[in-house]
There are 2 protein chains.
Amino acid sequence: MAAGTTRRRNPAERALEVREAAKTLALTRGLAAISLRNLATHCGVTAPLIAHYEPNMDALVASTFAAIAEQEIAEVSLHALAPDDALDQLRALISALADPARDNVGEVWCDAWSLGRKNDPLAEAARHSMDSWHALAIGIIRTGQNAGQFAAIAPERAALVLFALVDATASYQLVNFRSRETRDTLVRETLEDMLDVSLRINDDARNPSTKPTV
Amino acid sequence: MAAGTTRRRNPAERALEVREAAKTLALTRGLAAISLRNLATHCGVTAPLIAHYEPNMDALVASTFAAIAEQEIAEVSLHALAPDDALDQLRALISALADPARDNVGEVWCDAWSLGRKNDPLAEAARHSMDSWHALAIGIIRTGQNAGQFAAIAPERAALVLFALVDATASYQLVNFRSRETRDTLVRETLEDMLDVSLRINDDARNPSTKPTV
DNA sequence: TGAATTATTGATCACCTACTCAATAAGAGT
DNA sequence: ACTCTTATTGAGTAGGTGATCAATAATTCA
(Lines give C-alpha, C1' and ligand atoms only; values in the text may rest on other atoms or scores of the structure.)
Protein backbone atom coordinates (compact mmCIF):
# COMPACT_ATOMS: atom_id res chain seq x y z
CA MET A 1 0.00 0.00 0.00
CA ALA A 2 2.51 2.57 1.19
CA ALA A 3 4.99 2.01 -1.64
CA GLY A 4 2.31 0.97 -4.09
CA THR A 5 3.37 -2.64 -3.76
CA THR A 6 0.98 -5.30 -2.59
CA ARG A 7 2.26 -7.09 0.49
CA ARG A 8 1.48 -10.74 0.20
CA ARG A 9 1.51 -12.50 3.52
CA ASN A 10 1.71 -15.97 4.84
CA PRO A 11 -1.95 -17.10 5.18
CA ALA A 12 -1.56 -18.18 8.77
CA GLU A 13 0.00 -14.85 9.64
CA ARG A 14 -2.73 -12.89 7.84
CA ALA A 15 -5.47 -14.97 9.45
CA LEU A 16 -3.97 -14.21 12.84
CA GLU A 17 -3.79 -10.51 12.00
CA VAL A 18 -7.49 -10.50 11.11
CA ARG A 19 -8.44 -12.24 14.34
CA GLU A 20 -6.33 -9.80 16.33
CA ALA A 21 -7.96 -6.89 14.53
CA ALA A 22 -11.37 -8.29 15.44
CA LYS A 23 -10.35 -8.44 19.09
CA THR A 24 -9.05 -4.90 19.07
CA LEU A 25 -12.17 -3.64 17.34
CA ALA A 26 -14.42 -5.46 19.82
CA LEU A 27 -12.56 -4.11 22.83
CA THR A 28 -12.41 -0.53 21.60
CA ARG A 29 -15.71 -0.10 19.78
CA GLY A 30 -17.86 -3.06 20.76
CA LEU A 31 -18.76 -6.39 19.17
CA ALA A 32 -21.11 -4.58 16.78
CA ALA A 33 -18.12 -2.79 15.25
CA ILE A 34 -16.77 -6.03 13.81
CA SER A 35 -17.49 -5.67 10.09
CA LEU A 36 -15.69 -6.52 6.86
CA ARG A 37 -14.95 -2.88 6.17
CA ASN A 38 -13.76 -1.97 9.64
CA LEU A 39 -11.51 -5.01 9.68
CA ALA A 40 -10.22 -4.22 6.20
CA THR A 41 -9.41 -0.63 7.13
CA HIS A 42 -7.76 -1.75 10.35
CA CYS A 43 -5.56 -4.23 8.47
CA GLY A 44 -4.85 -1.87 5.55
CA VAL A 45 -6.41 -4.31 3.14
CA THR A 46 -9.60 -4.63 1.08
CA ALA A 47 -12.85 -6.07 2.37
CA PRO A 48 -12.96 -9.15 0.12
CA LEU A 49 -9.65 -10.30 1.56
CA ILE A 50 -11.17 -10.26 5.02
CA ALA A 51 -14.09 -12.26 3.65
CA HIS A 52 -11.56 -14.69 2.19
CA TYR A 53 -10.27 -15.45 5.67
CA GLU A 54 -13.51 -15.00 7.57
CA PRO A 55 -16.43 -15.96 5.34
CA ASN A 56 -19.02 -15.45 8.07
CA MET A 57 -19.15 -12.33 10.21
CA ASP A 58 -21.54 -13.73 12.81
CA ALA A 59 -19.16 -16.62 13.33
CA LEU A 60 -16.24 -14.21 13.63
CA VAL A 61 -18.11 -12.16 16.20
CA ALA A 62 -18.76 -15.31 18.18
CA SER A 63 -15.20 -16.62 17.98
CA THR A 64 -13.80 -13.18 18.79
CA PHE A 65 -15.97 -12.95 21.87
CA ALA A 66 -14.93 -16.46 22.89
CA ALA A 67 -11.26 -15.56 22.45
CA ILE A 68 -11.58 -12.41 24.56
CA ALA A 69 -13.60 -14.09 27.28
CA GLU A 70 -11.50 -17.23 27.52
CA GLN A 71 -8.26 -15.28 27.54
CA GLU A 72 -9.52 -13.17 30.42
CA ILE A 73 -10.70 -16.21 32.33
CA ALA A 74 -7.30 -17.85 31.88
CA GLU A 75 -5.46 -14.76 33.07
CA VAL A 76 -7.70 -14.11 36.05
CA SER A 77 -7.67 -17.79 37.01
CA LEU A 78 -3.90 -17.73 37.12
CA HIS A 79 -3.98 -14.60 39.26
CA ALA A 80 -6.77 -15.78 41.54
CA LEU A 81 -5.42 -19.27 42.13
CA ALA A 82 -1.93 -18.06 42.92
CA PRO A 83 -2.45 -17.73 46.69
CA ASP A 84 -2.79 -20.87 48.77
CA ASP A 85 -5.45 -19.49 51.05
CA ALA A 86 -9.02 -19.56 49.71
CA LEU A 87 -9.83 -16.16 51.24
CA ASP A 88 -6.84 -14.65 49.47
CA GLN A 89 -7.96 -16.35 46.29
CA LEU A 90 -11.40 -14.81 46.61
CA ARG A 91 -9.85 -11.43 47.28
CA ALA A 92 -7.64 -11.79 44.22
CA LEU A 93 -10.63 -12.79 42.12
CA ILE A 94 -12.74 -9.86 43.25
CA SER A 95 -10.00 -7.31 42.82
CA ALA A 96 -9.21 -8.64 39.34
CA LEU A 97 -12.88 -8.37 38.39
CA ALA A 98 -12.99 -4.83 39.74
CA ASP A 99 -9.92 -3.70 37.79
CA PRO A 100 -10.89 -0.75 35.54
CA ALA A 101 -8.64 -2.28 32.87
CA ARG A 102 -11.38 -4.89 32.62
CA ASP A 103 -14.01 -2.33 31.61
CA ASN A 104 -13.65 -3.05 27.91
CA VAL A 105 -14.22 -6.73 28.46
CA GLY A 106 -17.30 -5.97 30.51
CA GLU A 107 -18.68 -3.95 27.60
CA VAL A 108 -18.04 -6.84 25.25
CA TRP A 109 -19.98 -9.13 27.57
CA CYS A 110 -22.94 -6.77 27.52
CA ASP A 111 -22.78 -6.67 23.72
CA ALA A 112 -22.70 -10.46 23.69
CA TRP A 113 -25.90 -10.77 25.70
CA SER A 114 -27.68 -8.25 23.51
CA LEU A 115 -26.42 -9.67 20.21
CA GLY A 116 -26.70 -13.26 21.42
CA ARG A 117 -30.43 -13.09 20.83
CA LYS A 118 -29.80 -13.08 17.06
CA ASN A 119 -26.48 -14.94 16.94
CA ASP A 120 -26.69 -18.50 18.23
CA PRO A 121 -22.97 -19.32 18.19
CA LEU A 122 -22.38 -16.13 20.15
CA ALA A 123 -25.00 -17.09 22.72
CA GLU A 124 -23.43 -20.51 22.99
CA ALA A 125 -19.98 -18.99 23.53
CA ALA A 126 -21.40 -16.72 26.22
CA ARG A 127 -22.98 -19.65 28.05
CA HIS A 128 -19.74 -21.59 27.85
CA SER A 129 -17.59 -18.79 29.25
CA MET A 130 -20.14 -18.11 31.96
CA ASP A 131 -19.81 -21.74 33.00
CA SER A 132 -16.03 -21.32 33.10
CA TRP A 133 -16.29 -18.31 35.36
CA HIS A 134 -18.68 -20.09 37.67
CA ALA A 135 -16.45 -23.14 37.86
CA LEU A 136 -13.56 -20.94 38.98
CA ALA A 137 -15.61 -19.25 41.69
CA ILE A 138 -17.22 -22.47 42.87
CA GLY A 139 -13.80 -24.07 43.30
CA ILE A 140 -12.57 -21.22 45.44
CA ILE A 141 -15.74 -21.04 47.52
CA ARG A 142 -15.81 -24.77 48.12
CA THR A 143 -12.19 -24.78 49.19
CA GLY A 144 -12.83 -21.96 51.64
CA GLN A 145 -15.85 -23.70 53.04
CA ASN A 146 -13.93 -26.93 53.55
CA ALA A 147 -11.35 -24.89 55.45
CA GLY A 148 -14.12 -23.39 57.56
CA GLN A 149 -13.38 -19.90 56.25
CA PHE A 150 -16.65 -19.20 54.43
CA ALA A 151 -20.27 -19.47 55.49
CA ALA A 152 -22.10 -22.61 54.41
CA ILE A 153 -24.07 -21.24 51.47
CA ALA A 154 -24.43 -23.46 48.39
CA PRO A 155 -21.31 -22.68 46.31
CA GLU A 156 -23.29 -22.76 43.06
CA ARG A 157 -25.67 -20.14 44.36
CA ALA A 158 -22.89 -17.96 45.74
CA ALA A 159 -21.12 -18.10 42.39
CA LEU A 160 -24.31 -17.17 40.55
CA VAL A 161 -24.81 -14.19 42.84
CA LEU A 162 -21.21 -13.11 42.51
CA PHE A 163 -21.28 -13.00 38.73
CA ALA A 164 -24.80 -11.64 38.54
CA LEU A 165 -23.50 -8.65 40.50
CA VAL A 166 -20.34 -8.37 38.42
CA ASP A 167 -22.30 -8.66 35.17
CA ALA A 168 -24.99 -6.20 36.19
CA THR A 169 -22.44 -3.61 37.28
CA ALA A 170 -20.62 -4.08 33.98
CA SER A 171 -23.85 -3.20 32.18
CA TYR A 172 -24.46 -0.28 34.51
CA GLN A 173 -21.03 1.06 33.72
CA LEU A 174 -21.96 1.39 30.05
CA VAL A 175 -24.57 3.99 30.92
CA ASN A 176 -22.58 5.54 33.76
CA PHE A 177 -25.01 4.47 36.42
CA ARG A 178 -23.70 5.35 39.85
CA SER A 179 -19.99 5.66 40.58
CA ARG A 180 -17.39 2.97 40.09
CA GLU A 181 -16.92 2.91 43.83
CA THR A 182 -20.61 2.30 44.45
CA ARG A 183 -20.65 -0.51 41.90
CA ASP A 184 -17.52 -2.14 43.32
CA THR A 185 -18.78 -1.81 46.87
CA LEU A 186 -22.05 -3.44 45.89
CA VAL A 187 -20.20 -6.54 44.72
CA ARG A 188 -17.74 -6.68 47.58
CA GLU A 189 -20.08 -6.06 50.49
CA THR A 190 -22.75 -8.42 49.21
CA LEU A 191 -20.18 -11.15 48.89
CA GLU A 192 -18.78 -10.36 52.33
CA ASP A 193 -22.23 -10.73 53.86
CA MET A 194 -23.00 -13.88 51.93
CA LEU A 195 -19.78 -15.69 52.84
CA ASP A 196 -19.19 -13.94 56.16
CA VAL A 197 -15.68 -12.75 55.32
CA SER A 198 -13.77 -9.52 54.92
CA LEU A 199 -12.56 -8.90 51.40
CA ARG A 200 -10.56 -5.78 52.04
CA ILE A 201 -7.11 -6.70 50.86
CA ASN A 202 -5.11 -5.32 53.80
CA ASP A 203 -7.34 -6.91 56.37
CA ASP A 204 -6.46 -10.32 57.71
CA ALA A 205 -9.50 -10.69 59.92
CA ARG A 206 -11.69 -13.63 58.92
CA ASN A 207 -14.54 -12.28 61.00
CA PRO A 208 -14.96 -8.49 60.84
CA SER A 209 -16.82 -8.36 64.16
CA THR A 210 -13.77 -9.65 66.04
CA LYS A 211 -11.13 -7.47 64.44
CA PRO A 212 -9.11 -5.28 66.84
CA THR A 213 -9.90 -1.57 66.87
CA VAL A 214 -6.28 -0.43 66.77
CA MET B 1 -52.64 2.69 -0.12
CA ALA B 2 -55.27 -0.02 -0.40
CA ALA B 3 -57.63 1.90 -2.62
CA GLY B 4 -54.88 3.97 -4.20
CA THR B 5 -55.88 6.96 -2.12
CA THR B 6 -53.46 8.59 0.27
CA ARG B 7 -54.76 8.63 3.83
CA ARG B 8 -53.92 11.93 5.40
CA ARG B 9 -54.03 11.85 9.16
CA ASN B 10 -54.27 14.25 11.96
CA PRO B 11 -50.63 15.03 12.88
CA ALA B 12 -51.12 14.22 16.56
CA GLU B 13 -52.70 10.91 15.66
CA ARG B 14 -49.92 10.03 13.21
CA ALA B 15 -47.23 11.03 15.69
CA LEU B 16 -48.81 8.75 18.23
CA GLU B 17 -48.95 5.93 15.70
CA VAL B 18 -45.24 6.30 15.00
CA ARG B 19 -44.39 6.24 18.68
CA GLU B 20 -46.54 3.16 19.19
CA ALA B 21 -44.85 1.47 16.23
CA ALA B 22 -41.47 2.21 17.78
CA LYS B 23 -42.57 0.59 21.04
CA THR B 24 -43.86 -2.49 19.25
CA LEU B 25 -40.69 -2.79 17.20
CA ALA B 26 -38.51 -2.43 20.30
CA LEU B 27 -40.44 -5.04 22.23
CA THR B 28 -40.56 -7.58 19.42
CA ARG B 29 -37.21 -7.10 17.70
CA GLY B 30 -35.09 -5.01 20.05
CA LEU B 31 -34.17 -1.33 20.28
CA ALA B 32 -31.77 -1.77 17.37
CA ALA B 33 -34.71 -2.57 15.09
CA ILE B 34 -36.03 0.97 15.38
CA SER B 35 -35.22 2.48 11.97
CA LEU B 36 -36.92 4.83 9.55
CA ARG B 37 -37.68 2.01 7.12
CA ASN B 38 -38.89 -0.48 9.69
CA LEU B 39 -41.17 2.15 11.16
CA ALA B 40 -42.38 3.17 7.71
CA THR B 41 -43.20 -0.42 6.76
CA HIS B 42 -44.92 -0.98 10.06
CA CYS B 43 -47.09 2.11 9.60
CA GLY B 44 -47.71 1.49 5.88
CA VAL B 45 -46.10 4.78 5.00
CA THR B 46 -42.87 6.07 3.41
CA ALA B 47 -39.65 6.66 5.33
CA PRO B 48 -39.50 10.46 4.88
CA LEU B 49 -42.84 10.76 6.62
CA ILE B 50 -41.41 9.03 9.66
CA ALA B 51 -38.46 11.40 9.51
CA HIS B 52 -40.95 14.26 9.34
CA TYR B 53 -42.35 13.27 12.73
CA GLU B 54 -39.16 11.90 14.25
CA PRO B 55 -36.21 13.83 12.83
CA ASN B 56 -33.69 12.03 15.03
CA MET B 57 -33.58 8.26 15.36
CA ASP B 58 -31.26 8.19 18.36
CA ALA B 59 -33.67 10.47 20.18
CA LEU B 60 -36.60 8.25 19.20
CA VAL B 61 -34.77 5.18 20.47
CA ALA B 62 -34.17 6.95 23.77
CA SER B 63 -37.73 8.21 24.15
CA THR B 64 -39.15 4.83 23.15
CA PHE B 65 -37.04 3.11 25.77
CA ALA B 66 -38.12 5.70 28.34
CA ALA B 67 -41.77 5.15 27.45
CA ILE B 68 -41.49 1.36 27.77
CA ALA B 69 -39.53 1.50 31.00
CA GLU B 70 -41.65 4.14 32.69
CA GLN B 71 -44.87 2.45 31.69
CA GLU B 72 -43.68 -0.79 33.23
CA ILE B 73 -42.54 0.92 36.39
CA ALA B 74 -45.92 2.60 36.73
CA GLU B 75 -47.80 -0.67 36.23
CA VAL B 76 -45.60 -2.69 38.57
CA SER B 77 -45.67 0.05 41.18
CA LEU B 78 -49.44 -0.03 41.18
CA HIS B 79 -49.40 -3.79 41.55
CA ALA B 80 -46.67 -3.89 44.17
CA LEU B 81 -48.03 -1.13 46.34
CA ALA B 82 -51.55 -2.55 46.40
CA PRO B 83 -51.11 -4.67 49.55
CA ASP B 84 -50.83 -2.91 52.89
CA ASP B 85 -48.20 -5.23 54.27
CA ALA B 86 -44.60 -4.56 53.21
CA LEU B 87 -43.83 -8.28 52.90
CA ASP B 88 -46.77 -8.73 50.57
CA GLN B 89 -45.59 -5.68 48.63
CA LEU B 90 -42.16 -7.21 48.23
CA ARG B 91 -43.69 -10.50 47.13
CA ALA B 92 -45.85 -8.68 44.59
CA LEU B 93 -42.82 -6.81 43.30
CA ILE B 94 -40.71 -9.94 42.91
CA SER B 95 -43.44 -11.94 41.25
CA ALA B 96 -44.16 -9.10 38.83
CA LEU B 97 -40.47 -8.88 37.94
CA ALA B 98 -40.37 -12.63 37.39
CA ASP B 99 -43.39 -12.67 35.09
CA PRO B 100 -42.37 -14.15 31.70
CA ALA B 101 -44.57 -11.51 30.08
CA ARG B 102 -41.84 -9.11 31.18
CA ASP B 103 -39.17 -10.88 29.11
CA ASN B 104 -39.45 -8.46 26.20
CA VAL B 105 -38.92 -5.53 28.48
CA GLY B 106 -35.86 -7.20 29.96
CA GLU B 107 -34.43 -7.56 26.48
CA VAL B 108 -35.03 -3.90 25.80
CA TRP B 109 -33.16 -3.03 28.99
CA CYS B 110 -30.18 -5.08 27.88
CA ASP B 111 -30.25 -3.33 24.51
CA ALA B 112 -30.34 -0.01 26.30
CA TRP B 113 -27.18 -0.73 28.28
CA SER B 114 -25.36 -1.87 25.18
CA LEU B 115 -26.54 0.98 22.95
CA GLY B 116 -26.30 3.52 25.77
CA ARG B 117 -22.57 3.65 25.24
CA LYS B 118 -23.13 5.48 21.93
CA ASN B 119 -26.44 7.18 22.66
CA ASP B 120 -26.26 9.65 25.51
CA PRO B 121 -30.00 10.43 25.80
CA LEU B 122 -30.61 6.68 25.95
CA ALA B 123 -28.05 6.27 28.72
CA GLU B 124 -29.66 9.14 30.58
CA ALA B 125 -33.10 7.55 30.23
CA ALA B 126 -31.72 4.26 31.53
CA ARG B 127 -30.21 5.92 34.57
CA HIS B 128 -33.45 7.74 35.27
CA SER B 129 -35.60 4.62 35.09
CA MET B 130 -33.11 2.70 37.20
CA ASP B 131 -33.49 5.37 39.85
CA SER B 132 -37.27 4.99 39.67
CA TRP B 133 -37.04 1.25 40.19
CA HIS B 134 -34.69 1.69 43.12
CA ALA B 135 -36.96 4.26 44.71
CA LEU B 136 -39.85 1.83 44.57
CA ALA B 137 -37.86 -0.98 46.17
CA ILE B 138 -36.29 1.26 48.79
CA GLY B 139 -39.71 2.46 49.88
CA ILE B 140 -40.99 -1.06 50.36
CA ILE B 141 -37.86 -2.23 52.14
CA ARG B 142 -37.81 0.75 54.47
CA THR B 143 -41.46 0.25 55.35
CA GLY B 144 -40.85 -3.42 56.13
CA GLN B 145 -37.87 -2.58 58.26
CA ASN B 146 -39.82 0.01 60.22
CA ALA B 147 -42.43 -2.68 60.87
CA GLY B 148 -39.70 -5.03 62.03
CA GLN B 149 -40.39 -7.44 59.19
CA PHE B 150 -37.08 -7.20 57.32
CA ALA B 151 -33.48 -7.50 58.46
CA ALA B 152 -31.65 -4.24 59.05
CA ILE B 153 -29.60 -4.02 55.86
CA ALA B 154 -29.20 -0.58 54.24
CA PRO B 155 -32.27 -0.23 51.99
CA GLU B 156 -30.22 1.40 49.22
CA ARG B 157 -27.87 -1.53 49.13
CA ALA B 158 -30.66 -4.11 49.23
CA ALA B 159 -32.36 -2.36 46.33
CA LEU B 160 -29.13 -2.30 44.33
CA VAL B 161 -28.65 -6.02 44.91
CA LEU B 162 -32.25 -6.79 44.02
CA PHE B 163 -32.09 -5.05 40.66
CA ALA B 164 -28.57 -6.18 39.92
CA LEU B 165 -29.89 -9.73 40.15
CA VAL B 166 -33.01 -8.95 38.14
CA ASP B 167 -30.99 -7.14 35.48
CA ALA B 168 -28.30 -9.79 35.22
CA THR B 169 -30.85 -12.57 34.87
CA ALA B 170 -32.61 -10.55 32.17
CA SER B 171 -29.35 -10.47 30.25
CA TYR B 172 -28.77 -14.15 30.87
CA GLN B 173 -32.17 -14.92 29.45
CA LEU B 174 -31.16 -13.44 26.11
CA VAL B 175 -28.55 -16.15 25.67
CA ASN B 176 -30.59 -18.88 27.37
CA PHE B 177 -28.21 -19.24 30.26
CA ARG B 178 -29.60 -21.66 32.81
CA SER B 179 -33.33 -22.26 33.22
CA ARG B 180 -35.93 -19.66 34.02
CA GLU B 181 -36.47 -21.41 37.32
CA THR B 182 -32.79 -21.21 38.25
CA ARG B 183 -32.71 -17.52 37.38
CA ASP B 184 -35.89 -16.76 39.35
CA THR B 185 -34.71 -18.78 42.32
CA LEU B 186 -31.43 -16.88 42.32
CA VAL B 187 -33.28 -13.59 42.75
CA ARG B 188 -35.79 -14.85 45.27
CA GLU B 189 -33.50 -16.80 47.58
CA THR B 190 -30.82 -14.14 47.64
CA LEU B 191 -33.39 -11.58 48.62
CA GLU B 192 -34.86 -13.93 51.24
CA ASP B 193 -31.44 -14.36 52.83
CA MET B 194 -30.66 -10.69 52.66
CA LEU B 195 -33.90 -9.51 54.27
CA ASP B 196 -34.56 -12.65 56.32
CA VAL B 197 -38.04 -13.26 54.94
CA SER B 198 -39.93 -15.88 52.99
CA LEU B 199 -41.05 -14.71 49.59
CA ARG B 200 -43.07 -17.74 48.56
CA ILE B 201 -46.50 -16.34 47.89
CA ASN B 202 -48.59 -18.96 49.73
CA ASP B 203 -46.45 -18.82 52.81
CA ASP B 204 -47.42 -16.45 55.59
CA ALA B 205 -44.48 -17.19 57.84
CA ARG B 206 -42.26 -14.18 58.44
CA ASN B 207 -39.55 -16.44 59.75
CA PRO B 208 -39.19 -19.70 57.79
CA SER B 209 -37.61 -21.51 60.75
CA THR B 210 -40.75 -21.11 62.83
CA LYS B 211 -43.35 -22.08 60.27
CA PRO B 212 -45.62 -25.00 61.19
CA THR B 213 -45.02 -28.31 59.47
CA VAL B 214 -48.68 -29.05 58.78
C1' DT C 1 -65.80 27.58 -4.95
C1' DG C 2 -61.12 29.02 -4.47
C1' DA C 3 -56.92 29.56 -1.84
C1' DA C 4 -53.85 28.41 1.72
C1' DT C 5 -51.87 24.91 4.49
C1' DT C 6 -49.39 20.84 5.14
C1' DA C 7 -49.35 15.71 5.32
C1' DT C 8 -47.31 12.74 2.26
C1' DT C 9 -44.62 11.07 -1.47
C1' DG C 10 -40.75 9.95 -5.03
C1' DA C 11 -36.27 10.66 -5.96
C1' DT C 12 -31.91 11.02 -4.42
C1' DC C 13 -27.62 11.43 -1.59
C1' DA C 14 -24.07 9.43 1.16
C1' DC C 15 -22.89 6.02 3.78
C1' DC C 16 -23.11 1.45 5.83
C1' DT C 17 -23.59 -3.87 5.73
C1' DA C 18 -22.26 -8.89 3.73
C1' DC C 19 -20.95 -11.30 -0.05
C1' DT C 20 -19.35 -13.00 -4.98
C1' DC C 21 -16.31 -13.45 -8.90
C1' DA C 22 -13.12 -12.81 -12.32
C1' DA C 23 -8.73 -10.62 -13.00
C1' DT C 24 -4.19 -9.40 -11.18
C1' DA C 25 0.18 -10.11 -9.36
C1' DA C 26 3.31 -11.76 -5.61
C1' DG C 27 5.90 -15.37 -4.20
C1' DA C 28 7.37 -20.46 -4.26
C1' DG C 29 9.11 -24.33 -6.61
C1' DT C 30 11.28 -26.28 -10.67
C1' DA D 1 13.72 -17.87 -16.30
C1' DC D 2 9.41 -20.09 -16.12
C1' DT D 3 5.41 -22.11 -14.29
C1' DC D 4 2.18 -22.69 -10.75
C1' DT D 5 -0.24 -21.57 -6.83
C1' DT D 6 -2.85 -18.38 -4.43
C1' DA D 7 -3.01 -14.02 -1.81
C1' DT D 8 -5.05 -9.95 -3.10
C1' DT D 9 -7.71 -6.66 -5.58
C1' DG D 10 -11.46 -4.09 -8.39
C1' DA D 11 -15.81 -4.17 -9.60
C1' DG D 12 -20.19 -5.35 -8.73
C1' DT D 13 -24.74 -7.28 -6.48
C1' DA D 14 -28.21 -6.72 -3.17
C1' DG D 15 -29.49 -4.95 0.74
C1' DG D 16 -29.34 -1.90 5.00
C1' DT D 17 -28.94 2.90 7.58
C1' DG D 18 -30.24 8.28 8.25
C1' DA D 19 -31.48 12.30 6.02
C1' DT D 20 -32.94 16.07 2.53
C1' DC D 21 -35.79 18.30 -1.13
C1' DA D 22 -39.04 19.49 -4.31
C1' DA D 23 -43.39 17.99 -5.99
C1' DT D 24 -48.00 16.14 -5.06
C1' DA D 25 -52.38 15.90 -3.15
C1' DA D 26 -55.55 15.88 0.76
C1' DT D 27 -57.70 18.73 3.98
C1' DT D 28 -59.01 23.15 6.03
C1' DC D 29 -60.42 27.59 5.90
C1' DA D 30 -62.00 31.90 3.74
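To find a chain, count down the sequence lines: A is the first, B the second, and so on, and within it residues start at 1. Any value given below was found using the heavy atoms of this structure, including those in side chains, with hydrogens, waters and symmetry copies removed.
- Comparing D/dA11, C/dA7, D/dT20 by their nearest atom to the side chain of B/P48 picks out D/dT20.
- Heavy-atom neighbours of A/E181 CD from other residues, nucleotides or ligands within 6.0 Å: at or below the threshold of 12.
- For the pair B/R14 CZ and D/dT27 P, the computed distance is 11 Å after rounding to whole Å.
- Note on ring orientation: taking the six-membered ring where Trp is involved, the planes of B/F65 and B/W109 are perpendicular (angle over 60°, cut-offs 30° and 60°).
- By the 30° and 60° cut-offs, the orientation of the rings of B/F177 relative to B/Y172 is perpendicular.
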CA sep, side-chain torsions, deciding dist, call: B/I94, B/V166, side chain to side chain contact (heavy atoms under 4.5 Å, CB included): CA-CA 9 Å; B/I94 297 293; B/V166 168; 5.8 Å; no
Give each protein N/O atom lying under 3.5 Å from an N/O atom of nucleotides 16-18 of chain C, with the pair distance.
from, atom 1, to, atom 2, distance (Å)
C/dT17, OP1, A/S35, OG, 2.6
C/dT17, OP2, A/R37, NE, 3.2
C/dA18, OP2, A/L36, N, 2.7

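- Applying the 3.5 Å distance criterion, the base of C/dT6 shares a donor-acceptor pair with the side chain of B/R8.
- Here D/dT17 presents its P atom at 14 Å from CG of B/L60, a figure rounded to the nearest Å.
- Regarding A/H52, its NE2 atom lies at a distance of 6 Å from the C1' atom of D/dA7, rounded to whole Å.
- As a whole-Å value, the separation of B/N10 CG from C/dA7 P is 9 Å.
- Between the C1' atom of C/dA11 and the CG atom of B/L49 lies a distance of 16 Å, rounded to the nearest Å.
- More than 12 heavy atoms of other residues, nucleotides or ligands sit less than 6.0 Å from atom CG of B/N10.
- In terms of phosphate contacts, B/Y53 brings no side-chain nitrogen or oxygen within less than 4.0 Å of OP1 or OP2 of C/dA7.
- Note: CG (B/L39) to P (D/dG16) measures 14 Å, nearest angstrom.
- For the pair A/R9 and C/dG27, the criterion of a side-chain N or O lying under 4.0 Å from OP1 or OP2 is not met.
- For B/L25 and D/dT17, the CG to C1' distance is 14 Å, given to the nearest whole Å.
- Looking only at distances, a side-chain donor or acceptor of A/R183 sits under 3.5 Å from a matching main-chain atom of A/R178.
- The local environment of CG in B/D84 is sparse, with at most 12 non-hydrogen atoms from other residues, nucleotides or ligands closer than 6.0 Å.
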